[in-house]
Undergrad: 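Here it is, the structure, as structure tokens.
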Amino acid sequence: ERVAAEKAEQERVAAEKAAADKAEKAELERVASEKAAAEKAEQEKIAAVKAEQERVAAEKAAAEKAEQERIAAEKAEQERIAAERAEQEKIAALPQNTVDVAVIGGGVSGLTAARSLKKKNPKLNIQILEKAATLGGRVNSDVTSTGFTLDRGFAVFIDSYPESKKLLNIPKLKLQPFQPGAFVVTSEGWKDGKALGGDSGPIKISRVADPLR
């Protein structure tokens, strides 16, 4: 009976100890869970504050951009109005000449029309209005900084057209025949007005049409 009583007492103590250990473990787990929840809540709070700051900053940047665009639009509108006013004043300051015929455009068609009208009625007061600094339209040439002379209009002119013979001073145009075909050289293959290389040179000049055809 004594041995049995001692054994029962030992089992009771062991049971109490196991219960105490279990309770302690549960308490530690509860504390750890609460700590993790608190840390997560703090992180979410920090993230929310950061997101709010970014939202406010984005709204501020958008408002500033919109204000800058509004100011730029107002400035552009003011400049447009000022330019229109200046143009109107410029037009108003022009001599108010009265003309019988105003020809719009000083190209070949405009010049031909003016010439024909003047020939039919020499008393007509004809005025040609051309926005460019020179007359002729596409019948003109430009010299580039690298020495090329480039025609604006057609590169080929047939001098046997009857109307062309009537209207144009063909000898003064100094027309020259050339074989059909063309060569192309890149900007790297041209220096100081001279081609670098050729078909067999270090920089190949591409043929885009066969002169024999």
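Fair warning: this is a prediction, and the values are worked out from it, not measured in the lab.
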Undergrad: Going hydrophobic residue to hydrophobic residue with side-chain gaps under 4.5 angstrom, can you get from L111 over to V101?
TA: yes
Undergrad: Of the non-hydrogen atoms in A114 and V103, which two are nearest, and what is the gap between them?
TA: CB-CG2, 4.2 Å
Undergrad: Give a yes or no on whether I104 and L124 share a hydrophobic cluster (residues Ile, Leu, Val, Met, Phe, Trp, Tyr; joining criterion: side-chain heavy atoms under 4.5 Å apart).
TA: no
Undergrad: Tell me whether L168 is reachable from I128 by hopping between hydrophobic residues (I, L, V, M, F, W, Y) whose side-chain heavy atoms are closer than 4.5 Å.
TA: no
Undergrad: Identify the two heavy atoms, one from K166 and one from R115, that lie closest to each other, and give their separation to 0.1 Å.
TA: O-NH2, 4.1 Å
Undergrad: A side-chain contact here means heavy atoms from C-beta on lying under 4.5 Å apart; do E27 and E24 qualify?
TA: no
Undergrad: Give, for atom NZ of K172 and atom CD1 of I170, the distance between the pair rounded to the nearest 0.5 Å.
TA: 14.0 Å
Undergrad: To the nearest 0.5 Å, what is the distance between CD on Q127 and OG1 on T98?
TA: 10.5 Å
Undergrad: So, taking the atom named CD in Q88 and the one named CD1 in I81, what distance separates them when rounded to the nearest 0.5 Å?
TA: 10.5 Å
Undergrad: Look only at the side chain of D100 and the backbone of N125, and say whether a donor-acceptor pair between them is shorter than 3.5 Å.
TA: yes
Undergrad: Can a salt bridge be assigned to the pair E89 and R85 using a cut-off of 4.0 Å between side-chain N and carboxylate O?
TA: no
Undergrad: So, the side chain of S33 versus the backbone of E29: is there a donor-acceptor pair under 3.5 Å, distance only?
TA: no
Undergrad: About how many Å separate CG of N121 and CD1 of I126, when rounded to the nearest 0.5 Å?
TA: 8.0 Å
Undergrad: Taking 4.0 angstrom as the limit, do K25 and D21 come out as a salt bridge?
TA: no
